[in-house]
Amino acid sequence: MKQIVVISGKGGTGKTIITASFASLSKNKVMADCDVDAADLHLLLHPRIKEKHEFKGGGKAIIEKEKCAQCGKCVEVCRFDAIKTNSQLTTCNSQLYHIELLSCEGCGICSYVCPEKAIRMEEVVSGEWFISETKYGALVHAKMGIAEENSGKLVTVVREN
């Protein structure tokens, strides 16, 4: 099997146009758009999606409030400042802890240091990948969710399929 790979370069240099041109000229091929963070090849090839799959590439921390002893060790180790108390979020004086999911990077250190095992890591959908058909042949492509991590894992899924 021979591969043509178009990589690197600043955005706007024409990588997608070159790739689409190769796609229109080549015979008997499968195309993979591995630019999952800013995929644009679908804009030129107009794929008809045959299969759509969720991609779960990372986790977010979830606090099980009934187990939480409110010791604050999770707050001490969270370098993303993602763990807050009710009193930080509202005017109430409650010290119940909450994870701000937009701030949580899914590193999991909070779950490791929690003596009560009150924090678990839960997989979240962070993107989608597709198997499509174009007038030039099969296309496997994907898109990451906004501000999601693990694009390398999603690229691996695209390449494998």
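Keep in mind that this is a model prediction, so the values were computed, not measured.
- Tracing side-chain contacts under 4.5 Å through hydrophobic residues (I, L, V, M, F, W, Y), one never reaches L44 starting from M31; they form parts of separate clusters.
- If you chain together hydrophobic residues whose side chains sit under 4.5 Å apart, I63 and V124 never meet in one group.
- In plain terms, the two heavy atoms of M121 and G108 that are nearest each other are SD-CA, 3.7 Å.
- Contact record, K73 with V113: O-CG2, 4.0 Å, taken as the closest heavy-atom pair.
- Once rounded to the nearest 0.5 Å, the distance linking CD of E51 with CD of E133 reads 11.5 Å.
- The closest side-chain heavy-atom distance from Y97 to V75 is below 4.5 Å.
- Nearest heavy atom pair, residue W129 against residue V140, reads CE3-CG1, 4.4 Å.
- Here Q70 contributes atom CD and E116 contributes atom CD; the two are 11.0 Å apart, rounded to the nearest 0.5 Å.
- No side-chain donor from either of E100 and H98 sits under 3.5 Å from a side-chain acceptor of the other.
- The OG atom of S151 lies 16.0 Å from the NZ atom of K143; values are rounded to the nearest 0.5 Å.
- Atom CD1 of I7 has 12 or fewer heavy atoms from other residues, nucleotides or ligands within 6.0 Å.
- Here the closest non-hydrogen pair linking K29 and A23 is CE-O, 2.8 Å.
- Nearest approach of A142 to A39, heavy atoms of both residues: O-CB, 3.6 Å.
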After noting the C-alpha distance and the side-chain angles of F55 and S126, does the key distance pass the side-chain contact (heavy atoms from CB on, under 4.5 Å) rule? CA-CA 6 Å; F55 171 71; S126 55; 3.5 Å; yes
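- Following chains of ILVMFWY side-chain contacts shorter than 4.5 Å, one cannot reach L139 starting from V158, and the two form parts of different hydrophobic clusters.
- In this structure, H42 and P47 have side chains that are in contact, with non-hydrogen atoms separated by less than 4.5 Å.
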Evaluation steps, side-chain contact (heavy atoms from CB on, under 4.5 Å), between D81 and K84: CA-CA 8 Å; D81 199 28; K84 305 286 187 195; 2.9 Å; yes
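- Residues E128 and E54 fail the side-chain proximity criterion, which asks for heavy atoms closer than 4.5 Å.
- Taking the side chain as every heavy atom from C-beta outward, D35 and D40 never approach each other to under 4.5 Å.
- Counting only residues at least two apart or on different chains, the ring pair (Phe, Tyr, Trp, His ring centres under 6.0 Å) pairs with a member in residues 131-161 are F130-H141.
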What verdict does the side-chain contact (heavy atoms from CB on, under 4.5 Å) test give for R48 and S132, after you've listed the backbone C-alpha separation in whole Å, the side-chain angles of each residue and the deciding distance to 0.1 Å? CA-CA 5 Å; R48 191 182 93 258; S132 297; 5.9 Å; no
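- For the atom pair T134 OG1 and L41 CG, the distance stands at 8.5 Å (nearest 0.5 Å).
- Within a 6.0 Å sphere centred on CD1 of I17, heavy atoms belonging to other residues, nucleotides or ligands number 12 at most.
- Nearest heavy-atom pair across I83 and C78 is CD1-CB, 4.1 Å.
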How far apart are the C-alpha atoms of C74 and I119, what are their side-chain angles, what is the distance that settles it, and do they pass the side-chain contact (heavy atoms from CB on, under 4.5 Å) test? CA-CA 9 Å; C74 55; I119 302 176; 3.6 Å; yes
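- There is no path of hydrophobic side-chain contacts, each under 4.5 Å, that joins Y112 to I99.
- Note that CZ of R79 is 12.0 Å distant from SG of C110, once rounded to the nearest 0.5 Å.
- A salt bridge links K67 with E64: at least one charged nitrogen is closer than 4.0 Å to a carboxylate oxygen.
- Counting non-hydrogen atoms of neighbouring residues, nucleotides and ligands closer than 6.0 angstrom, the NZ atom of K117 exceeds 12 such neighbours.
- The 12-atom threshold is not exceeded at CG of L102, counting heavy atoms of other residues, nucleotides or ligands nearer than 6.0 Å.
- Between atom CG of residue D33 and atom OG1 of residue T16 there is a gap of 6.5 Å, rounded to the nearest 0.5 Å.
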